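Right, one structure below, let's go through it.
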Amino acid sequence: MNEPIKKIAVLTSGGDAPGMNAAIRAVVRACTYYRMDCIGIYRGYQGMIEGDFKPLAAREVSNIINKGGTILKSARSEEFKTEEGREKAYNQLVKEGIGALVVIGGDGTFTGALKFIQEFNFPVVGIPGTIDNDIYGTDRTIGYDTALNTVVEVIDKIRDTASSHNRLFFIEVMGRDAGFIALNTGIGAGAEEILIPEKDLGLDRLEESLTISREKGKSSSIVVVSEGDKIGKNVFELADHIKEKYPFYDIRVSVLGHMQRGGSPSCSDRVLASRLGVAAVEALLDRSTGVMVGITNNQVSTVGLNKAIKMNHDINKELLKVAEITSV
Ligand code: F6P
C-alpha cells in the first residue's frame with residue numbers, strides 16, 4: 001500500500017459530458033509531469049472488466065481538449081454491479097500493474113467506485129463529469145456549463161419562431177432528477193415559466209401564470225420543463241392538457257434530448273476539467289482515496305464519494321426568486 005504509485009488508470013463512465021476529454025488530457029499530462037505511466041480504460045467499468053486498456057502518453061491526448069464526447073468511450077455496466085464483475089475488474093488492474101484509478105462520471109460512477117474501494121482497498125479518486133450538475137461537493141460539474149450554453153442558444157432560436165407565430169412552446173431539457181439546467185437556462189433565455197423537480201409549482205400555478213401572461217398581452221411564451229419535474233413528466237400530455245383548457249393557445253413542444261450532451265466544451269468547462277484532472281492525480285499522490293475532487297468558491301476541494309452521492313446539491317433559492325421577478 002505504501003509503495004509509490006507508478007501507474008494510474010483513467011476511465012469515463014455513465015452519460016458523457018463535454019469536457020471529459022479535457023479531463024482525460026489533464027490526467028494523462030499530470031501523470032507524465034509526475035513521472036508516472038497512464039493507462040486509458042475504454043468503455044468505463046465494462047472495459048475494466050474486459051481489460052480494454054491502452055497506455056496513454058502525453059502526445060496521445062493532443063488535440064482533444066476542444067472535442068465533445070469522450071475518446072475513452074462510455075458505458076453503463078450491469079456486470080460491474082455484481083461482486084464477480086468487480087473482482088474480474090480488480091484482477092485486470094493488478095495484472096496490468098495499475099496502482100490507482102481516476103473515474104470521471106456522475107453518481108452511478110461514484111457508487112461503483114465506492115463498492116470497489118470497500119471490497120479491494122484500491123485507491124480511487126473521482127472527477128464529477130455530468131451535464132446534470134447534480135453532485136454534492138462541487139459548485140459545478142464538467143459539461144454543465146457547455147450544456148447551459150447549448151440549451152440557451154437553442155431556446156433563443158425557438159423564441160424567434162415562437163414570436164413569429166404567437167405560439168406557446170414547452171421545451172423539455174435534461175437533468176434527470178435535477179432542475180439545474182432548466183432553472184439556469186430558463187432565466188438565461190427569459191422563459192415565462194420554469195418547471196423543476198425541486199420546486200413543485202403545481203398545475204394550478206402554471207395555468208394561472210399562463211392566464212396572467214395572456215392578459216398582460218404576451219403574444220408568445222416559453223415554458224422550460226425539466227425532464228424530472230412532476231407535472232411536466234410527460235411534456236406532451238402537459239401540452240395537451242393546456243391546449244384543452246386554453247384552446248386559443250397555439251402550442252408546440254420541443255424535447256431537446258441528447259444534443260445537450262454534445263458539442264465542443266466551453267472555455268469554463270475546459271479549465272474546470274484541466275484543474276480537476278490535475279487535482280485528481282495529485283490527490284492520489286497524496287494517498288487520498290474514496291474522494292471526489294471538485295470546485296468550491298473557485299478553489300479545488302475534496303469531498304468523500306459517499307457524501308458526493310448521498311447529499312443533495314441544492315438549488316439556489318435566489319435564482320427561483322429571480323426567475324419569478326424577471327418573468328412578470
Ligand atoms: O445524466 C446525464 C443524462 O443526460 C440525463 O440528463 C438524462 O436523464 C440521462 O443522462 C439520459 O441517459 P441516456 O443517455 O442513457 O439516455
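Whatever order the structure lists them in is the order used to number ligands and atoms, beginning at 1. Please read these numbers as outputs of a predicted model, since none were measured by experiment.
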Residue among Val151, Thr185, Val224 satisfying side-chain contact (heavy atoms from CB on, under 4.5 Å) with Leu256:
Val151

Would you find a donor on one side and an acceptor on the other, under 3.5 Å apart, between the side chain of Asp269 and the backbone of Ile142?
no

Distance to 0.1 Å, residue and atom name: give those for the protein heavy atom nearest to atom 16 (O) of ligand 1.
His258 NE2, 3.1 Å

Side chains of Arg270 and Ser264 only: does a donor on one sit below 3.5 Å from an acceptor on the other?
yes

Would the distance check show the side chain of Glu198 and the main-chain N or O of Gly179 forming a donor-acceptor pair, the cut-off being under 3.5 Å?
yes

Just how far is it from atom OH of Tyr45 to atom OG of Ser74, taken to the nearest 0.5 Å?
10.5 Å

Assess Gly106 for proximity to ligand 1: is some non-hydrogen atom of it under 4.0 Å away?
no

Of all the non-hydrogen atoms in the protein, which one sits nearest to atom 2 (C) of ligand 1, and at what distance?
Asp132 OD2, 3.3 Å

Numbered atoms of ligand 1 (with element) below 4.0 Å of Met174, judged on heavy atoms:
4 (O), 6 (O)

Does a donor on one side chain sit under 3.5 Å from an acceptor on the other, for Glu192 and Ser213?
no

How far is atom 7 (C) of ligand 1 from its nearest protein heavy atom, and which residue and atom is that?
Glu227 OE2, 3.3 Å

May I ask you to list the atoms of ligand 1 that are less than 4.0 angstrom from any heavy atom of Arg76?
10 (O), 12 (O), 13 (P), 14 (O), 15 (O)

Which of the atoms of ligand 1 are close to Gly175, meaning less than 4.0 Å from one of its heavy atoms?
6 (O)

Heavy-atom donor-acceptor pair, Arg261 side chain to Asp16 backbone, under 3.5 Å:
yes

Looking only at heavy atoms of Gln260, does any of them come nearer than 4.0 Å to an atom of ligand 1?
no

Ranked by distance from atom 3 (C) of ligand 1, the top protein heavy atom is Arg261 NH1, 3.4 Å

Considering non-hydrogen atoms of the protein only, which is the closest contact for atom 9 (C) of ligand 1, and what is the distance?
Arg176 NH2, 3.6 Å

